Amino acid sequence: MNTTPSSPLQSISTTASDLPRSDKDQPAVDATKPLPAAGERALVLGGGGSTGNAWLIGVIAGLFDAGLDVTTSDLTIGTSAGSTAAAQIAGATPTQLLAAILASDPRQPTGPVGSDRGRVPVRPVADHLERISKIIASAEDAVDMRRRMGAAALEMDAASDGSWQTQWRATVASRLPSQRWPQRTVLITAVNAHTGEPVVFDRHSGIDLADAVAASCASGLPYRIGDNRYIDGGYRSNSENADLAAGYRRVLVLSPFGGRSLAPVDWGMHLAAQVDELRARGSRVETIFPDSNSEHMFGANAMDLALRPPAARAGYDQGRALAVQLAEFWR
């Protein structure tokens, strides 16, 4: 954690209101620039795959059980796995969410353990990371990168039969304790696959919460909402998109990827650059990253379902350990 101040999950029955909308154009907040904001506390939940989501819930539950409830923030920003966590904490207590992860029976077999204590990467994840790295290496800048990511996703979508869309939405919806947007401000990031433009969904965007989360988590094939298709919100700026918290006095960032980015530093997409900018504008910012004993559960191993319970426990221990230190900052 950076301490320098400067600044019960359950399946949900599907109703007619839960089905994908057919509106031709779904409104979305323009996020090409930071949104105007003014408030006290912002919680930023970064992307990090299945294990990242479990770690986020673990940290929040650890803080909660130690007496610090960060789910009541004035603003919550969720990206990819963080968008799922942002929607989950709006519909259930952190304790309930943690218990569901720890009680889960992973259906995915555990991969072999490597000599460095980490698991041998799941092949599809490793291939996905390699593909992303190649696109980034060929891009001129962040704008060009987003366009290329969108084009690649649309190309894969053209080769698919489209059945994954319904399946993916059902999977996302089953993870959410509530299908309703919370009244507190929650921003969920994505990128328009057709144009490469960043977008941010909120309760005023006219789309269902499950659709917003499904779009933000679409790291491979693009997710369709109306006539538009969207890809992972981590391509917007980085896996955290902490810049959207500009104007908030206290910003707490939880980053499963430890603030790292595959993009070149000079693109300004690394979390450190956004933290510096927030502090320069008067925000106090604290960051929480996975500790060195749990780093192997993220990155290439981020979709290993067998690692969700240990990732949640690791996050929980960190949250409990940091609660007292964070109390003065947050309250």
Side-chain angles (χ1 to χ4, degrees), residues 1-5 7 9 37-48 52-101 176-178 181-189 202 213 239-259 271 274-275 278-279 283-291 294 311-331:
M1 170 182 166
N2 184 337
T3 59
T4 305
S7 52
L9 268 185
E40 188 62 38
R41 298 173 299 180
L43 176 65
V44 180
L45 304 177
N53 169 263
W55 179 82
L56 290 168
I57 295 300
V59 173
I60 294 168
L63 293 170
F64 183 81
D65 285 356
L68 187 61
D69 184 4
V70 298
T71 69
T72 60
S73 60
D74 303 298
L75 168 70
T76 302
I77 299 164
T79 295
S80 196
S83 73
T84 305
Q88 288 170 324
I89 63 175
T93 69
T95 304
Q96 291 171 319
L97 295 168
L98 176 65
I101 295 172
L176 307 184
S178 172
W181 283 92
Q183 288 304 302
R184 291 191 302 274
T185 303
V186 174
L187 304 181
I188 294 180
T189 64
D202 65 7
V213 174
S239 293
E240 297 83 22
N241 291 299
D243 61 299
L244 294 174
Y248 283 75
R249 296 179 180 88
R250 291 168 287 174
V251 181
L252 177 61
V253 183
L254 276 59
S255 173
F257 284 153
L271 175 61
Q274 295 190 351
V275 169
L278 288 171
R279 288 174 174 163
S283 298
R284 294 178 62 194
V285 184
E286 299 286 0
T287 58
I288 303 179
F289 304 148
D291 61 28
S294 59
R313 284 192 289 267
Y316 182 82
D317 290 342
Q318 283 189 259
R320 285 192 66 92
L322 293 169
V324 172
Q325 190 174 349
L326 282 171
E328 181 277 331
F329 162 75
W330 191 251
R331 289 172 174 163

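What you are looking at is a predicted structure, and each value in this text was computed from that prediction instead of being measured. The chain is numbered in sequence order, starting from 1. The figures that follow rest on heavy atoms only: side chains count, while hydrogens, waters and symmetry mates do not.
Inspection of the T185 and D202 side chains reveals no N or O donor paired with an N or O acceptor under 3.5 Å. A side-chain donor from one of T79 and N241 sits under 3.5 Å from a side-chain acceptor of the other.
The main-chain N or O of T93 is found under 3.5 Å from a side-chain atom of Q96 such that the two form a donor-acceptor pair. In terms of modelled atom types and a separation under 3.5 Å, the side chain of R41 and the main chain of V70 share no donor-acceptor contact. Of the possible donor and acceptor atoms, none in the side chain of E240 sits under 3.5 Å from a partner among the backbone N and O of L271. Put simply, the side chain of R250 gets close to the backbone of W330: a donor and an acceptor are under 3.5 Å apart.
Taking CD1 of I101 as the start and CZ of R313 as the end, the distance is 10.5 Å to the nearest 0.5 Å. L252 contributes atom CG, which lies 5.5 Å from atom CZ of F329 (distance to the nearest 0.5 angstrom). A distance of 9.5 Å separates CG of L63 from CG of D65, quoted to the nearest 0.5 Å. Taking CG from L278 and CG from L244, the interatomic distance works out to 9.5 Å, rounded to the nearest 0.5 Å. Note: L97 CG to I89 CD1 = 8.5 Å, rounded to the nearest 0.5 Å. If you take OG1 on T71 and CZ on F64, they are separated by 6.5 Å, rounding to the nearest 0.5 Å.
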Go through the steps for V253 and Q274 under the test side chain to side chain contact (heavy atoms under 4.5 Å, CB included), then give the verdict.
-> CA-CA 11 Å; V253 183; Q274 295 190 351; over 6 Å; no
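Counting only heavy atoms from C-beta outward, the side chains of L254 and L43 approach each other to under 4.5 Å.
Closest heavy-atom contact between A92 and P177: CB-CG, 3.8 Å. Closest approach of N53 and Q88 over heavy atoms only: ND2-OE1, 3.2 Å. I77 approaches A245 most closely through the heavy-atom pair CD1-N, 3.6 Å. Residues G259 and F289 share a closest heavy-atom pair of N-CE2, 3.9 Å. Considering every non-hydrogen atom in both W181 and V186, the closest pair reads CZ3-O, 3.7 Å. The shortest non-hydrogen separation linking P290 to P256 is CG-O, 3.2 Å.
Sorted by first and then second residue, the salt bridge (Lys or Arg N to Asp or Glu O under 4.0 Å) pairs involving residues 317-331 (not counting sequence neighbours) are R284-E328.
S83 pairs by the side chain to side chain contact (heavy atoms under 4.5 Å, CB included) definition with I188, V213, S216, C217, not counting sequence neighbours.
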Could you list the donor-acceptor pairs under 3.5 angstrom formed by side chains in residues 54-62, with sequence neighbours left out?
{"unit_1": "W55", "atom_1": "NE1", "unit_2": "Q318", "atom_2": "OE1", "d": "3.0"}

